[in-house]
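To start, the structure itself, in structure tokens.
The chain is numbered in sequence order, starting from 1. Note that ligands are numbered from 1 as they come in the structure, with each ligand's atoms numbered from 1 the same way.
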Amino acid sequence: RIERIAVVGAGTMGHGIAAALAGDGRFVTVYDVDEDALDAARVAIEDAVATLVDHEGHDLEDADRVLGSIAYDSTLSTTVADADLVIEAVPEDESIKRDVLGRIERAAPPHAVIATNTSSFSITRLADALERPERFLGTHWFHPPHIVPVVEIVRGEATADGPVRAVETLLEDAGKTPVVVEKDVPGFIGNRIQSAMAREAWALLEEGVASAEDIDKAVKGTFGFRLPALGVFEKGDHSGLDVHAKVLDELLGEINRDTSPSAALTDLVDDGRYGVKTGQGVYDWSDVDVPAATEDRDRQLLSLLSVYEERE
Ligand code: NAD
């Protein structure tokens, strides 16, 4: 049973992962190479735990109990020394990840499962950096990780069954929904499907088919509206696979098949328009109160989470 968890890299993902896993007899130690990032993570974790405890209808004492099971450490070796599971959430840079994973393995107990939160690297290839690839796997969380219910568990070619089952049980105990990705394909499940949708949305924008506002509106209010209740195959069965096959046959030759991002996107990036973090992106965020907008986003996601939990 996994009781002691170490999170290495306490940025956007690491802090939310720590908040999601702490409590109910599980202890989490959080490490970051940057002391300021570790301080920022502490504040962000307090907010995330408060959000979760409130959603579950518990009181502040529960929040204090959860926060009491989280420790912060500025040394990697002591962070992982007694961990049953170490989750690596450092930046998406293969050489940093290989170096950090090797150092984690050397300092962690031999029984520890080591997981990477990579979005895009092959688990099998990252496993080359390790002596015990059978105890290594991917846990691919989605942002914001303390709210989004599914976590993909990705097997590398050498991953043994024991670590997959142990992480599956841990995630279930923490109220998450694990989905095992049996084959280590780039992007796993969610990001592959999401990328196919994003490619088409950018192509529609570039071709002037509709404005960004209207494309977003159409996604949120049509198939996006249905998605919390109906997955792709459930929807196919409901509307009829005969109709589904006909529509795909008509459209697959029409939709975009580019193998690099649209110029509509790369032009914005070249102009430094990265979105919320630079004040300009597809939309103008310069006059928007970003913390309030983030809180509003999380409130909306939590109401969807209630629908999801009711259905599951
Ligand atoms: P981030 O940049 O917000 O956080 C990374 C943290 O790692 C930073 O705090 C940084 O100081 C720290 N760090 C850098 N080098 C380190 C080292 N050697 N040892 C320890 N800590 C170190 O990045 P993020 O968005 O949290 O992404 C982390 C991982 O999660 C990446 O692999 C990313 O692809 C993946 N991921 C991100 C998202 C997302 O939406 N942001 C979603 C799914 C997966």
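- Any N or O atom pair closer than 3.5 Å counts here, and H143 shares no such pair with ligand 1.
- Among protein heavy atoms, atom 35 (C) of ligand 1 sits closest to N117 O, 3.2 Å.
- Among all non-hydrogen protein atoms, the one lying nearest atom 26 (O) of ligand 1 is M13 N, 2.8 Å.
- Annotation for ligand 1: atoms under 4.0 Å from non-hydrogen atoms of D34 are 11 (O).
- Considering backbone and side-chain atoms alike, D32 places an N or O below 3.5 Å from some N or O of ligand 1.
- Within the listing of ligand 1, atoms 32 (O) sit less than 4.0 angstrom from a heavy atom of T118.
- Protein heavy atom in closest approach to atom 14 (C) of ligand 1: P91 CD, 3.3 Å.
- Near G11, meaning under 4.0 Å from any of its heavy atoms, are these atoms of ligand 1: 3 (O), 4 (O), 6 (C), 9 (O), 26 (O).
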Derivation of the side-chain contact (heavy atoms from CB on, under 4.5 Å) call for I153 and E168: CA-CA 8 Å; I153 301 177; E168 223 176 355; 4.0 Å; yes

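- For atom 36 (N) of ligand 1, the closest heavy atom belonging to the protein is S119 OG, 3.2 Å.
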Kindly indicate, with the supporting measurements, whether the criterion side-chain hydrogen bond (donor to acceptor under 3.5 Å, both in side chains) is fulfilled by E92 and T118. CA-CA 6 Å; E92 192 76 348; T118 181; 2.8 Å; yes

Are T139 and E88 close enough, and set up right, to give a side-chain contact (heavy atoms from CB on, under 4.5 Å), and what steps lead you there? CA-CA 9 Å; T139 47; E88 168 276 301; over 6 Å; no

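- For atom 15 (N) of ligand 1, the candidate residues are D99, V33, T116; the nearest heavy-atom contact is made by V33.
- With distances taken over non-hydrogen atoms, the option nearest atom 43 (C) of ligand 1 out of F142, F121, W141 is W141.
- Residue E88 has no N or O atom closer than 3.5 Å to an N or O atom of ligand 1.
- There is a path of hydrophobic side-chain contacts, each under 4.5 Å, that joins W202 to Y283.
- Distance from atom 18 (N) of ligand 1 to its nearest protein heavy atom, with residue and atom name: V100 CG2, 3.4 Å.
- Using a cutoff of 4.0 Å between basic side-chain nitrogens and carboxylate oxygens, R135 and E105 are not scored as salt-bridged.
- A salt bridge between E295 and R299 is absent, with no side-chain N of the basic residue lying under 4.0 Å from a carboxylate O of the acidic one.
- A single hydrophobic cluster is seen to contain both I17 and V151, as judged by linkage of ILVMFWY side chains at heavy-atom distances under 4.5 Å, directly or through other members.
- V185 and I193 fall into different hydrophobic clusters, defined by Ile, Leu, Val, Met, Phe, Trp and Tyr side-chain heavy atoms under 4.5 Å apart, directly or through other members.
- Of the polar atoms of T12, at least one N or O is found under 3.5 Å from an N or O of ligand 1, judged by distance alone.
- Among protein heavy atoms, the minimum distance from atom 29 (C) of ligand 1 is reached at V90 O, 3.4 Å.
- At least one N or O atom of E92 sits closer than 3.5 Å to an N or O atom of ligand 1.
- Cluster membership for I114 and V90, using ILVMFWY side-chain heavy atoms within less than 4.5 angstrom, is shared.
- Short contacts between ligand 1 and K97, defined as distances under 4.0 Å to a heavy atom of the residue, involve ligand atoms 31 (C), 32 (O).
- A salt bridge links R1 with E3: the closest approach of a Lys/Arg side-chain nitrogen to an acidic carboxylate oxygen falls below 4.0 angstrom.
- For atom 4 (O) of ligand 1, the nearest protein heavy atom is under 4.0 Å away.
- With hydrogens and angles ignored, the 3.5 Å screen pairs a side-chain donor or acceptor of D84 with a backbone N or O of R4.
- Going from atom NZ of K97 over to atom OG1 of T116 covers 4.0 Å, rounded to the nearest 0.5 Å.
- Taking a cut-off of under 4.0 Å to the non-hydrogen atoms of A37, the atoms of ligand 1 that pass are 9 (O).
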